[in-house]
Amino acid sequence: MELFLHQVLAGLATGGIYACMALAVVMIYQAIDHLNFAQGEMAMFSTFIAWQLIQWGLPYWLAFGATIAISFVAGVAIERVVLKPLHNAPVLSHVVAFIALLAILNSAAGFIWDYTIKSFPTPFGNGPLFEQGLMSKHDGGMIAVTLLMLAFLYLFFRHTRIGLAMRAAAANPESARLAGIRVGWMTALGWGMAAAIGSVAGMLIAPVVFLEPNMMLSILLYGFAGAVVGGLTSPGGAVLGGFLVGIVENLAGTYIPVVGREMKLTIALFIIVAVLCVKPSGLFGRPIVTRV
Amino acid sequence: MMLRRTIETRGPPAAEVAGMATPAWRVIVFVLGIVVLATIPFVLKNFYIFQITLAVIYAIAILGLNLLTGFNGQFSLGHSAFYAIGAYTAAIMMDGFDISYIWTLPAAAMVCFVFGFLFGLPALRLENIYLALATFALAIAIPQVLKSSLVEHWTGGVQGISIIKPDAPFGLPLNSDQWLYVYTILVAVVMYVGAHNLVKSRTGRALIAIRDHPIAASAMGINVSLYKSLTFGVSALYTGVAGALGALAISFVAPDSFTFQLAVALFVGLVVGGVASISGTLFGGLFVLFVPNIAEHFSKGLAGAVYGVILLLVIYLMPTGAAGLVRLIVSRLVQQGRASGR
Amino acid sequence: MSKLLEARALCAFYGATQVLFGFDLSIEEGGITTLLGANGAGKTTTLRALCGMVRTTGDIRFDGKAIRGRATEDIVRLGIAHVPQGRGTFSRQTVEENLEIGAMTRSGRAAIDADIERVYGYFPRLMERRRQQAGTLSGGEQQMLAVGRAMMLRPRLMLLDEPSFGLAPLIVEELFGILRTLNQTEKVSMLVVEQNAALALDLAEEAYLIETGELVTSGPARQLRDDENIRRAYLGY
């Protein structure tokens, strides 16, 4: 029982990372109605920008804020420059554009900042949060920030008109245009917000996994997993899904003998697929009603 | 909802294209193609023959993916898994059981069909993004499973398996690269003709109907679940055969050759070649093989970025893939022809 | 009365295919105009052309301002509400959210809330279902929602694309009654595309009849209704 609780707690700590990323994933899903495979690389690049700002002597929180702002602008710019020309292209072409973005950002980061591992500071301190030491202060801070962002997003989407306009633009662009909504800018705004949230995720994750161009590859996968398990239509569900994935992964690694360290990821993913087979719209997602 | 948008092609209506694709025109292209293919092994260096062999192998794998995504509307980011299963089937048969390479292809085809069909069953409940994630998971899982201690005895773990490149039979005066090229082309012809016939058949029309409107399809009496899982099986079969050929060509298999990157490459090949286009997959195969090399040629440090930029340019210039571009050009030419004919 | 919308030599294209072949159309301020024609005559395309949703040539003026070639959302912001065929429901959003979306270009919370109540006044059924996902509504309710969403824009001109399509006769009657009321009390001008010619000619004052993208005739609705030849040849009743 002791071991079980420890593993759950440790899972919660890693789950915080996934939850953070899952939130960014859901954000972009709300804005563009599909997943962005370059999201992890965007977050990684933002984190490098933060690292650079800190290297140049900016205090942590200033760098933090500046990075969020830069990422927001960059996100909007990417949508306007890279994706706008593809407006009428089939969605599969968009996915290829995401893959291209991923390759570009990854390679550019490696070129500018090279591939050596860099440590990234935490504003919350590295000591243990509780006496047993399973969860560090940083883990706690990360979870708190994630929940804060969640609350912000909930309020934004449910209770602001621009949030509603963004949802409308994503769900039915043609109809949204007929309501006078500037759909192109809503999409760009969604990209900006997703990039900003991703940058926060990156800056919170980097102290744990260290900073390097490939840091986000597997984390993005976990982020997708968390988002999908929780339901892509629900930011709250995505965060919960992220935590769940972290816990399941840890428990599977501990209790299923064949799994061990190396197959953790596999098992976690298969559990997710199993969950999806039982509940295809995710645990907390709203099933979509379509009229025939 | 999303899938229907996914498959939209912006080419001209089929009837318009069918009108001008005269058989004579097609026959000429076909014959020319055969001539070019037949001369390749005698004029190019071994290394280039090897590369073209690989490109054709990728094309077959992409064809498999296209049957699933392009014609049946099911999304997959995990076809590297079926490619790996095909490759390992061939390698284990040759290395562990000393079976001739000739038998590896039918065996790989069978094994992958079964795997694909079985995977297609739970996948029936998943759509769009959820299916993408499930297949994505499969792609991530496969290298780890191949490395795991449970199957290490057969798969050789991280080390992988080395096999011997087959020689030409009947004392044909070909070296093994040349023979493998010929062998691959022969297999490819069978596979492409098969795919063409499948798509044009009653079954093919059922697959397309399911892609375009699953509910209407089932209302017309099409067994949607069965067709969808069967398509998964056939798609895996194609990609598995490509995997087995790939194992022969490279004469080596290892878990890390079948990562998610391979799945992404196949997907990219599908889109740049043209979704729901059979001949487009050949362009896809060439793209997947050569473009990363070209990118590296430009700049070692920024190879990924160059690759990304090329990819973006390709998507901008031909949003419906190479096949879509060709269709567009041909229909423009025909229109001009008509205009000047008047 | 003055002309609210005037189109001259209006042509429209889908890709390389021309669908409208240059006709003139004008809509009186405060009136109801109907656009009739058989399947494939180009009625829907005409509405889409007016809103900048297809490639067009010619000249379109709304309230004297040239609007041809402008983005759809900018045309809408001038006060043209388009109720599309298929109704354009935001099916994942609730009924009330749909109405909110209709008012997205306006400011002033109080006025918007008042307008939502006004829509509920016209369509009590929507009030009952205000928290329900709009995708779950019946066809008639979705059509009401579409009209309600268009009202939320406070438009000067409403373009309605086959509002009677797929609805039961009783519901059609109710809907057209409400359209008439809207026109009279809210002073909304309307352009109604219909296949049900009898119904549309009863509602409208002016009528246009088109066939394969070209104008056949136009004039007061009464006149078209009473013209035996036109009725037999084009309207089928």
Subject >> Considering all heavy atoms, the nearest C:Gln93-A:Leu164 contact >> reply: CG-CD1, 4.3 Å
Subject >> Minimum-distance pair of heavy atoms, taken over all atoms of C:Ile101 and A:Ala168 >> reply: CD1-CB, 3.4 Å
Original post:
Charged N to carboxylate O below 4.0 Å: is that the case for C:Glu100 and A:Arg167?
Top reply: no
Original post:
Which value, rounded to the nearest 0.5 Å, describes the distance between C:Glu97 atom CD and A:Arg161 atom CZ?
Top reply: 13.0 Å
Subject >> Separation between CZ of A:Arg177 and CE of C:Met53, rounded to the nearest 0.5 Å >> reply: 8.0 Å
Original post:
Hey, is OH on C:Tyr14 packed in by over 12 heavy atoms from elsewhere, all under 6.0 Å?
Top reply: yes
[Y] and [X], any side-chain heavy atoms less than 4.5 Å apart:
| X | Y | result |
| --- | --- | --- |
| A:Leu178 | C:Pro84 | yes |
| A:Ile162 | C:Met104 | no |
| C:Arg87 | A:Ser175 | no |

Original post:
Which of residues 107-122 of chain C have a heavy atom under 4.5 Å from any heavy atom of chain A?
Top reply: C:Ser107, C:Arg109, C:Ile112
Original post:
For chain A, which residues from residues 165-187 of chain C have at least one heavy atom closer than 4.5 Å to it?
Top reply: none
**OP:** Sequence neighbours left out, what pairs pass salt bridge (Lys or Arg N to Asp or Glu O under 4.0 Å) with at least one residue falling in residues 20-30 of chain A?
**Re:** none
Can you give each donor-acceptor pair under 3.5 Å made by side-chain atoms of residues 180-192 of chain A, sequence neighbours left out, with the distance rounded to 0.1 Å?
from     : atom 1 : to       : atom 2 : distance (Å)
A:Arg182 : NH1    : C:Asp74  : OD1    : 2.4
A:Arg182 : NH2    : C:Asp74  : OD1    : 3.3
A:Thr187 : OG1    : A:Val183 : O      : 3.0

